[in-house]
Trainee: 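Sharing a structure here in structure tokens format.
Per chain, numbering begins at 1; letters A, B, ... match sequence-line order.
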Amino acid sequence: MGKETSASAGIVLSGLAKSYGPVKAVRGIDLTITPGETVALLGPNGAGKSTTIDMILGLAQPNAGRVTVFGMPPATAVASGRIGGMLQTGSLVEYLTVRELVEMVASMYPHPLDVHQVLEATGTSAFAGQRTTGLSGGQTQRVRFALALVANPDLLVLDEPTAALDVEARRDFWSSMRSVAQRGKTVLFATHYLEEADAYADRIVLMARGRVIADGPSTEIKAKVGGRTIRATLPGVDGSALEALPGVTAVDRRGEAVVLSCGDSDAALRALLATYPVARDIEVRGAGLEEAFIQLVGDDEEMEEVEGS
Amino acid sequence: MTAGNVAVATGDTKMNNATYVRYEILRTFRNRRFLIFSLGFPVVLLLTIGGANQHKLIGSIPFPLYYMTGMAGFGTMMAIISSGARISSERQVGWTRQLRITPLRTRVYFEAKVLCGYLMALLTLVVMYAVGSALGVRLDARQWLVMTLLILVALVPFAVLGILAGHLLKPDSMGPAIGGVVTLFALLGGSWGPLSTGKTYVDIVRLLPSYWLAQASRVAFGGSEWPPVEAWIVIAVWTGVLVRLAVRVYRRDTARV
């Protein structure tokens, strides 16, 4: 895959920033996505994912920096039909059947996919003859995906496509997504589920508070934010002694209980039980994404203070 | 299902707006509520009031003819404003945002709305003329035609007004707002007969596009076919100002979302 020249690079964001009034939604993002990559924008609510996506789609204008998509400004890329998008919110227009709606949107693009087959692939053919009003949330979401897909775009952008779905519908969504969308297309999707990002993206871009705080192969990011914690009731043991245990990265004492943040929870647990057999009420949990973010963002803020001083 | 199943559509790979426009028209005419309210009200008024006064004259003009032309102005104004105003609900559900990330040009979106409004207005005219004929209205072909064309021209500023309303108002407030504005325009413009014949009053209402919409049918009363220059100026100025406002509101709207 050709690299770094603006024409061959898929999406290039440089120094991208956007404020809404006093709210700095995106505060300087540099990112290059090569054609064919599947990239997840992972971050909690308010991280700036949607704003970033809106700028890539040309829906929002940056206050600073620029975006190019296949070497073009977003509006040009959209007008030439090279981008297909599924926005986070939005329902379908009324008084059409699902099939008619997909046909209507297909007609706007220069090289649309076959409508019938898109309906099949997105699991919408069963209700393709129904009016768009009166569909369930999951069905609506599938139709919205069909609208993005039928465009047959070079870049597919999905902003939290599964946010409104239950677990099963989410799995269905991704299986149809995988079967259809990964044919040399560039895919960018936003999510706040680490598992989704890990399972479906080659690369994860971690965002918090309008910045990219980590960017790398999914496995690497997962290791970074996917650590575990061990919680145990263990009175009278010094925190620094616990911190010295193998696999433990941080210790937090909460009354009689201690919470150990672990890089390697297996090693830490073995060592904990061997050293302190009195430890009881032991729980091992995946550290929530939120916790990982707080930690990463915390580091980020400290740096900011250093920069500022 | 595998990726290989999905093929690029063969044949028609050229972008065309015909499909989009066709479905927009279909959507308009499938919207029964819209059809009933837009058409039903003037039809009922014409049938009841026109029917009750079927053999009366206003001056030398048969009452049904007089009332038919008034209702034609009112009904078409309602139809064409409502069409643009539907943008409001499409904005609310996020559909216009979805369209902005497709290659569909904004222009085509607005043109389709105006076209649908005109089709609704034409349908309204046909129904009004049919009801009027049933009540005994008789005109020659040229009078029907000239009246129709002039009404369509006088509707231009109202088509723009609808698009403007579609960007300014929420769907909830749209019904009363349109009802109020259309009724006011129709009343002042003289769709139900002049409110006053005082010189100052007439001088003022002559500045309204609805006055010339009502005047569009004077050929049916034996008046001249060609409207005065003043009519064209009023229509053009209203259209120009409303277009400017609509463009400004549209830009503000798209910059924010």
Trainee: Roughly how far, to the nearest 0.5 Å, is the CD1 atom of Ile101(B) from the CE atom of Met108(A)?
Mentor: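 These two atoms lie 11.0 Å from each other.
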Trainee: For Glu160(A), enumerate each residue passing the salt bridge (charged side-chain N to carboxylate O under 4.0 Å, His left out) test, keeping only those at least two apart in sequence or located in another chain.
Mentor: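 Per chain and number, Glu160(A) pairs via salt bridge (charged side-chain N to carboxylate O under 4.0 Å, His left out) with Lys49(A).
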Trainee: State, to 0.1 Å, how close Ser91(A) and Trp95(B) come at their nearest heavy-atom pair, and which atoms those are.
Mentor: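 In terms of heavy atoms, the two residues are closest at O-CE3, 4.2 Å.
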Trainee: Measure the OG1-CZ distance between Thr89(A) and Arg97(B) for me, rounded to the nearest 0.5 Å.
Mentor: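 CZ of Arg97(B) is found 6.0 Å from OG1 of Thr89(A).
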Trainee: Which region of Glu90(B), side chain (C-beta onward) or backbone (N, CA, C, O), has a non-hydrogen atom less than 4.5 Å from a non-hydrogen atom of chain A, or is it both or neither?
Mentor: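 Just the side chain, heavy atoms under 4.5 Å.
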Trainee: Is Asp54(A) salt-bridged to Arg100(B), going by a charged N under 4.0 Å from an acidic O?
Mentor: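 No, Asp54(A) and Arg100(B) are not salt-bridged.
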Trainee: Could you look at Val105(A) and say if it's the side chain, the backbone, both or neither that has a heavy atom under 4.5 Å from chain B?
Mentor: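 Contact with chain B is through the side chain of Val105(A) alone.
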Trainee: For Phe110(B), does the CZ atom sit with more than 12 other heavy atoms under 6.0 Å from it, leaving out its own atoms?
Mentor: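 Correct, the count exceeds 12.
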Trainee: Given a strict heavy-atom distance threshold of 4.5 Å, which part of Ile83(A) is in contact with chain B: side chain, backbone, both, or neither?
Mentor: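 The backbone, not the side chain.
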Trainee: Would you mind listing every salt bridge (Lys or Arg N to Asp or Glu O under 4.0 Å) that reaches into residues 78-107 of chain A, with sequence neighbours excluded?
Mentor: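 Qualifying pairs: Arg82(A)-Asp154(A), Glu100(A)-Arg30(B).
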Trainee: Can you tell which of Leu147(A), Leu57(A), Leu87(A) has the highest number of heavy-atom pairs within less than 4.5 Å of chain B?
Mentor: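 That would be Leu87(A).
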Trainee: Where do Ala79(A) and Pro103(B) come nearest, in terms of heavy atoms and distance?
Mentor: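 Heavy-atom minimum between the residues: O-CB, 3.3 Å.
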Trainee: Once you round to the nearest 0.5 Å, how far does CG of Leu26(B) lie from OH of Tyr95(A)?
Mentor: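 Between Leu26(B) CG and Tyr95(A) OH, I get 12.5 Å after rounding to 0.5 Å.
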Trainee: Using the side-chain contact (heavy atoms from CB on, under 4.5 Å) rule, pick out the option among Val21(B), Thr19(B), Asn17(B) that qualifies with Ser107(A).
Mentor: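 When side-chain contact (heavy atoms from CB on, under 4.5 Å) is applied between Ser107(A) and each of Val21(B), Thr19(B), Asn17(B), only Thr19(B) qualifies.
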Trainee: What residue, out of Arg22(B), Arg27(B), Arg105(B), has the most heavy-atom pairs lying under 4.5 Å from chain A?
Mentor: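 Top option by heavy-atom pairs under 4.5 Å: Arg27(B).
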